Protein chains: 2
Amino acid sequence: MFSKACEYGIRASTYIALQSLEGRRVSLKEIAEEIDSPVAFTAKILQQLSKNQIVDSLKGAAGGFEIQRSGIDRIKLSEIVYAIDGDTIYTGCGLGLKKCNANKPCPVHDKFVQIRDDLRYMLENTSLYEMTVGLEVGLTYLKR
Amino acid sequence: MFSKACEYGIRASTYIALQSLEGRRVSLKEIAEEIDSPVAFTAKILQQLSKNQIVDSLKGAAGGFEIQRSGIDRIKLSEIVYAIDGDTIYTGCGLGLKKCNANKPCPVHDKFVQIRDDLRYMLENTSLYEMTVGLEVGLTYLKR
DNA sequence: TTTAAATCGGACAAATATGTCCTAATAAAA
DNA sequence: TTTTATTAGGACATATTTGTCCGATTTAAA
């Protein structure tokens, strides 16, 4: 569904949001440990998320990553996916045709539109805050 | 969503089904032309589909690929996807966790289960015959 | 029996995705 | 001011996916 980079990106953002809610800024090292991802690769992804203003980064000692409370409420999964994987998941043809659309559809166009629209709706309506709710009480997990 | 190989595989199977309905056996070369795919790569995929008994192949002059009428009705997209991409699209976690399940779910487990189930239902209930219906009358396309 | 047209299958090549390493830049603390 | 802990970013390395090439095998037709 998503690239590895995107999976790590969602998990990292969610962990940062969770800790930011407690007022804790977190380091790359801690993030990678807590979401069980390769450190240096995660660094690249966080750079990208920072450039796309999904996470805030602060250099130097006591630096790290955080997300403003307003961001935690506002940022949706769709924005993270878009920042890393682009929009192919929404716009691409299920059978890989370059110019597939309602006018010249592939044989599964309508069926895919429906499923992709459901996926898009879900991603556009799931905030980082919502992602953290189960984590706090141990109902959901970010590794294993 | 699917790998390139799987996209080509679905398009190739659909074209073979369409021609088999007319009693025509088709060559690799014709298939690759009609679905706009790389010839040699398509050959590999057809080998795989042949081994998985999704298409019948005949060697030698006047050989080629075909699908029995019974197969055209019976074979579902899910079988093609499974033969090429395996079952990760059904069973894999949306966030890439290895042991994500209802007991220890990731934060989007339930939401992904729903979308994946819809996708699975669609793939398991779309036959090759259904894929060909629109093609015959020029309502749907396999290239561009 | 020979030739031609086709798939099969192994080895190779290129492109992309994933992952690592090292140095520079930054900022807090000693 | 120096040291230390951190992110930024470029170059490199590895793995996987995508794609190519070529000889072997098969079968129909000449």
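It should be emphasised that the depicted structure is a prediction, and the values quoted were computed from it without experimental measurement. Every chain is numbered from 1 and lettered A, B, ... according to where its sequence line falls, protein lines coming before strand lines.
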Reading nucleotides 15-27 of chain C 5' to 3', which nucleotides get B (base under 4.0 Å from a protein heavy atom), which S (sugar-phosphate only), which -?
---SBB-----BB
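Across C:dG9, C:dT7, D:dA8, the shortest atom-to-atom separation from the side chain of A:Phe65 is found for D:dA8.
Criterion: ILVMFWY side-chain heavy atoms under 4.5 Å apart, direct or through other members. Under it, B:Tyr141 and B:Ile31 are not part of a common hydrophobic cluster.
None of A:Arg24, A:Gln19, A:Arg25 except one satisfies the side chain to side chain donor-acceptor pair (under 3.5 Å) rule with A:Glu30; the exception is A:Arg24.
Judged purely by distance below 3.5 Å, without hydrogens or angles, the side chains of B:Ser3 and B:Asp85 pair a donor atom with an acceptor atom.
Between B:Glu130 and A:Lys111, at least one side-chain nitrogen of the basic residue sits less than 4.0 Å from a carboxylate oxygen of the acidic one, meeting the salt-bridge criterion.
Distance B:Leu46 CG to D:dT20 P: 15 Å, rounded to the nearest Å. Atom CD of A:Gln48 and atom P of D:dG10 are 13 Å apart (whole Å). Between the P atom of C:dT7 and the CG atom of B:Asp56 lies a distance of 14 Å, rounded to the nearest Å. The nearest whole Å value for the distance from the CD1 atom in A:Ile45 to the P atom in D:dA8 is 13 Å.
For A:Ser37 (side chain) and A:Tyr8 (main-chain N/O), no donor-acceptor pair under 3.5 Å exists by modelled atom type. Between the side chain of B:Ser20 and the backbone N or O of B:Glu66 there is no donor-acceptor pair closer than 3.5 Å. For the pair B:Asn52 (side chain) and B:Gln48 (backbone), a donor-acceptor distance under 3.5 Å is present.
The shortest distance between the side-chain N/O atoms of A:Ser57 and the OP1/OP2 oxygens of D:dA8 is below 4.0 Å. Residue A:Gln47 has no polar side-chain atom (N or O) positioned under 4.0 Å from OP1 or OP2 of D:dA8.
Against DNA chain D, the stretch residues 9-34 of chain A makes heavy-atom approaches under 4.0 Å through A:Ser27, A:Leu28.
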Side-chain donor-acceptor pairs under 3.5 Å in residues 91-99 of chain A, sequence neighbours left out?
| residue | atom | partner | partner atom | Å |
| --- | --- | --- | --- | --- |
| A:Thr91 | OG1 | A:Asp87 | O | 3.0 |

